[in-house]
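Comments concern the structure below.
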Amino acid sequence: MTGLTAAQTRDMLLHVAARMQETADLLTQADRAVGDGDHGVGMARGFAAVAARLRSAEIDLPGDALQAAGTALLTSVGGAAGAIFGTLFRAGAAALRGRETLDAAGLADFLEEALTAVQRRGKAAPGDKTVVDALAPAAEAARSNREAPLPEALRAAGEAAWSGVEATKSMVARIGKAKTLGERSLGHPDPGALSLCLILRYMLEYLTGLGQT
């Protein structure tokens, strides 16, 4: 598989949007353990907006689809999650400017630029119990697999992100809403890290549906 076209990238994100809405309860439960429980509702609202925007936007290149998704998340999720995930997609899309397909190298560049932008915006570092703890290992795995087929690179990134989610259970939150819990945040995954992991998982689901595994 050489890469996804613009239309396929849009369809992949539509699949992600539908699955993220289905996963709202899981994200809500995760957030109740370390926050105010609104993460699932916010992400479901955001990805409903993503789907609507993707259906109406002019998508000529893969980066256009990712940019549209980021703008929808930025303007609809609300709170820190909207800013972080909107930034993640919009900054990552900029790394793909002008490219006609989304391949493994593009995925690596997307995640690298997304990580840089998210850290710049949220001031979080690995170990702070945030989305960065899933995004950083995902970006590293994608970078190591930038010459591989896209499904292989995406699978590696998703597995690395899941390891990051698991690692957040042993972290005390140092930033965000969960910071106020101190050691009471131990034993629970970070909801933002979990969301990032699910997004990558659902991207791979789409590729599997295309017969690309």
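Everything numeric in this text was worked out from a predicted model, so none of it was measured.
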Closest approach of L102 to P62 (non-hydrogen atoms, all atoms of both residues)
N-CG, 3.8 Å
Under the side-chain contact (heavy atoms from CB on, under 4.5 Å) rule, what do F47 and I199 come out as? Steps first, then yes or no, please.
CA-CA 11 Å; F47 277 97; I199 289 167; 3.8 Å; yes
One should read off an interatomic distance between L204 CG and E159 CD, to the nearest 0.5 angstrom, of 9.0 Å
With sequence neighbours excluded, give me every side chain to side chain donor-acceptor pair (under 3.5 Å) pair touching residues 51-60.
none
Taking all atoms of both residues into account, what is the closest heavy-atom pair of T87 and V118, and its distance?
CG2-N, 4.2 Å
Using the side chain to side chain contact (heavy atoms under 4.5 Å, CB included) rule, pick out the option among V50, T71, L74, L73 that qualifies with F89.
L73
Return the CZ to CD distance between R97 and E113, rounded to the nearest 0.5 Å.
9.5 Å
Given S195 and H39, is the side-chain hydrogen bond (donor to acceptor under 3.5 Å, both in side chains) satisfied, shown in steps?
CA-CA 9 Å; S195 286; H39 185 69; 2.7 Å; yes
Side-chain heavy-atom pair L88, L196 within 4.5 angstrom cut-off:
yes
Any side-chain heavy atom of D11 within less than 4.5 Å of one from Y206?
yes
Determine the minimum heavy-atom distance between A157 and A138, stating which atoms define it.
O-CB, 3.6 Å
Is the shortest side-chain heavy-atom distance between P191 and L27 below 4.5 Å?
no
I'd like to check T5 versus E100 (side-chain heavy atoms, cut-off strictly below 4.5 Å). Are they in contact?
no
Partner of M171 under side chain to side chain contact (heavy atoms under 4.5 Å, CB included), chosen from D190, D133, T130, D128:
D133
Please round to the nearest 0.5 Å and tell me the distance separating atom CZ of R32 and atom CD of Q29.
7.0 Å
Minimal heavy-atom distance between T168 and A193, with the atoms involved, is CG2-CB, 4.3 Å
Working note: L194 + W162, criterion side-chain contact (heavy atoms from CB on, under 4.5 Å); need CA distance, chi angles, decisive distance, verdict.
CA-CA 8 Å; L194 179 58; W162 179 247; 3.9 Å; yes
Rounded distance [0.5 Å steps], CG in L66 versus CZ in R10:
13.0 Å
Set out, in order, the CA-CA distance, both residues' side-chain angles and the distance that settles side-chain contact (heavy atoms from CB on, under 4.5 Å) for L61 and T101, then state yes or no.
CA-CA 7 Å; L61 297 169; T101 60; over 6 Å; no
Is there a side-chain contact between P126 and Q119 in this structure, where contact means two heavy atoms from C-beta onward sitting under 4.5 Å apart?
yes
Student check: side-chain heavy atoms of V41 and R45 closer than 4.5 Å
yes
In Å and rounded to the nearest 0.5 Å, what is the CZ to CZ distance from R155 to R201?
12.5 Å
Separation between CG of L200 and CG of L111, rounded to the nearest 0.5 Å:
6.0 Å
Could you report the tightest heavy-atom contact between A148 and A104, atom names first, then the distance?
O-CB, 3.1 Å
Identify the two heavy atoms, one from L54 and one from A65, that lie closest to each other, and give their separation to 0.1 Å.
CD2-O, 3.6 Å
Side-chain touch L154/L107, heavy atoms, less than 4.5 angstrom
yes
Selection residues 19-28 - residue pairs positive for salt bridge (Lys or Arg N to Asp or Glu O under 4.0 Å), sequence neighbours left out
R19-E22, R19-E205
Working note: M43 + F85, criterion side-chain contact (heavy atoms from CB on, under 4.5 Å); need CA distance, chi angles, decisive distance, verdict.
CA-CA 9 Å; M43 293 300 280; F85 281 92; 4.0 Å; yes
CA sep, side-chain torsions, deciding dist, call: R99, D109, salt bridge (charged side-chain N to carboxylate O under 4.0 Å, His left out)
CA-CA 12 Å; R99 302 191 195 185; D109 293 341; 2.6 Å; yes
